[in-house]
Amino acid sequence: MMWVMGSCTRSSDVGWRGLLVVLAGWAYTGSFTMGTGHVELARVQQERWDSAYARRSRLHGAEPSALARWAAGVFGAGGIDDVLELGAGHGRDALFLARQGFSVHATDFSETALDQLRLEAQREGLDDRVTAALHDVRDPLPPADATVNAVFANLLLNMAFSPSELRSLVAEVHRVLCPGGLFVYAVWSTDDPCSRHWQQLEDGLSVRDGLVGRFFDEELVRELAENWNLDELTSYHEGQRVMWRVALSK
């Protein structure tokens, strides 16, 4: 469930109330508020990603993200050999990490994307190092307490989560990590010039071309790092995007 790094184009002028019409072409006319509205929003976004992966395999390309390349060094230096990836999409980063010798358990809420990941892992002979499971991170993470050495998430936290869903997700990652375990993630920064072309919604969310997400300022990154050791907080560029690279340890 990763974002495509496309160009900065201006979305049509869309209000939060009519958002579902833009997302799925539904004849939605009622008020759209947080709460049950987020349930509908999550479902529509899931359907949209499934359709996008079905239309185009390797939607995000075959090359790994800059975060995955950096994380491989961090995980290796920390003696970590197994990684839980959240929002793996079609697996460009999961497969890269597996090629580096890591065992990767990849999750996403798009079965279409995961099918592509599994097929590619088989083609490369990596299916002994890569497993994939359907999971929506709005639900509790499957692992038991303190059983995971590292969690990796490239752009997942940018998705259409409410503030409470974000806090719950980060708390779940903290729960499943072993003491000293690492959580490495990347998000779009509010310094990204593309952010001004997104239509602002409620609760800090924005929409462009039917995609709903959140740009992070430093304050939000630090807020989510409460109860963690903040080992890395670096602004960097990838393509046209300005990003935050974050590493937290338990």
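Computed over heavy atoms, backbone and side chain alike; hydrogens, waters and symmetry mates excluded.
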Please answer whether the main-chain N or O of [Y] pairs with a side-chain N or O of [X] as donor and acceptor at a distance below 3.5 Å.
X      : Y      : answer
Arg118 : Ala132 : yes
Trp244 : Val221 : no
Glu172 : Leu141 : yes
Arg92  : Glu63  : yes
Asp108 : Ser110 : yes
Asn158 : Trp188 : yes
Arg208 : Gly213 : no
His135 : Pro142 : no
Thr107 : Glu85  : yes

Please say yes or no: joined through hydrophobic side-chain contacts below 4.5 Å, possibly via intermediate residues, are [X] and [Y] part of one cluster?
X      : Y      : value
Val83  : Trp70  : yes
Leu119 : Val130 : no
Leu220 : Leu86  : yes
Val242 : Val187 : no

Aromatic contact between Phe215 and Trp198, with the criterion being ring centroids under 6.0 Å apart: yes or no? yes
So which heavy atom on [X] is nearest to which on [Y], and how close?
X      : Y      : result
Leu97  : Ala68  : CD2-O, 4.0 Å
Pro143 : Val148 : CB-CG2, 3.7 Å
Gly91  : Leu117 : CA-CD1, 3.5 Å
Leu114 : Ala106 : CD2-O, 4.4 Å

A side-chain contact here means heavy atoms from C-beta on lying under 4.5 Å apart; do [X] and [Y] qualify?
X      : Y      : answer
Val104 : Leu95  : no
Arg99  : Arg129 : no
Tyr185 : Val170 : no
Phe75  : Asn149 : no
Met159 : Leu156 : yes
Arg214 : Pro163 : yes

Say you draw a straight line from [atom1] of [X] to [atom2] of [Y]; how long is it, rounded to the nearest 0.5 Å?
X      : Y      : atom1 : atom2 : result
Leu84  : His105 : CG    : NE2   : 6.5 Å
Lys250 : Cys178 : NZ    : SG    : 7.5 Å
Leu205 : Phe161 : CG    : CZ    : 10.0 Å
Gln240 : Asp192 : CD    : CG    : 8.5 Å
Leu157 : Phe216 : CG    : CZ    : 5.0 Å
Asp82  : Ile80  : CG    : CD1   : 8.0 Å

If we count only N and O atoms by modelled type, under 3.5 Å, do the side chains of Asp93 and Ser65 hold a donor and an acceptor together?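 A pair is found: one side chain offers a donor N or O, the other an acceptor, under 3.5 Å apart.
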Derivation of the side-chain contact (heavy atoms from CB on, under 4.5 Å) call for Leu230 and Leu248: CA-CA 5 Å; Leu230 180 56; Leu248 307 174; 3.4 Å; yes
Cation-pi check for Phe96 against Arg69: NZ or CZ below 6.0 Å from the six-membered ring centre and within 45 degrees of the axis, yes or no?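 The answer is yes, since Arg69 meets both limits relative to Phe96.
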For the pair Phe183 and Trp228, name the ring-plane relationship: parallel under 30°, tilted 30 to 60°, perpendicular over 60°.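 The arrangement is tilted - the two ring planes meet at 30° to 60°.
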Under-4.0 Å salt bridge between Glu120 and Arg123: yes
Given side-chain contact (heavy atoms from CB on, under 4.5 Å), test Val184 with Glu232 step by step and report yes or no. CA-CA 9 Å; Val184 173; Glu232 172 88 7; over 6 Å; no
Ser206 and Gln200: CA distance, side-chain angles, deciding distance, side-chain contact (heavy atoms from CB on, under 4.5 Å) verdict: CA-CA 4 Å; Ser206 303; Gln200 291 190 351; 4.2 Å; yes
Let me see the working for Glu219 and Arg222 under salt bridge (Lys or Arg N to Asp or Glu O under 4.0 Å), right down to the final yes or no. CA-CA 5 Å; Glu219 181 180 0; Arg222 291 188 179 277; over 6 Å; no
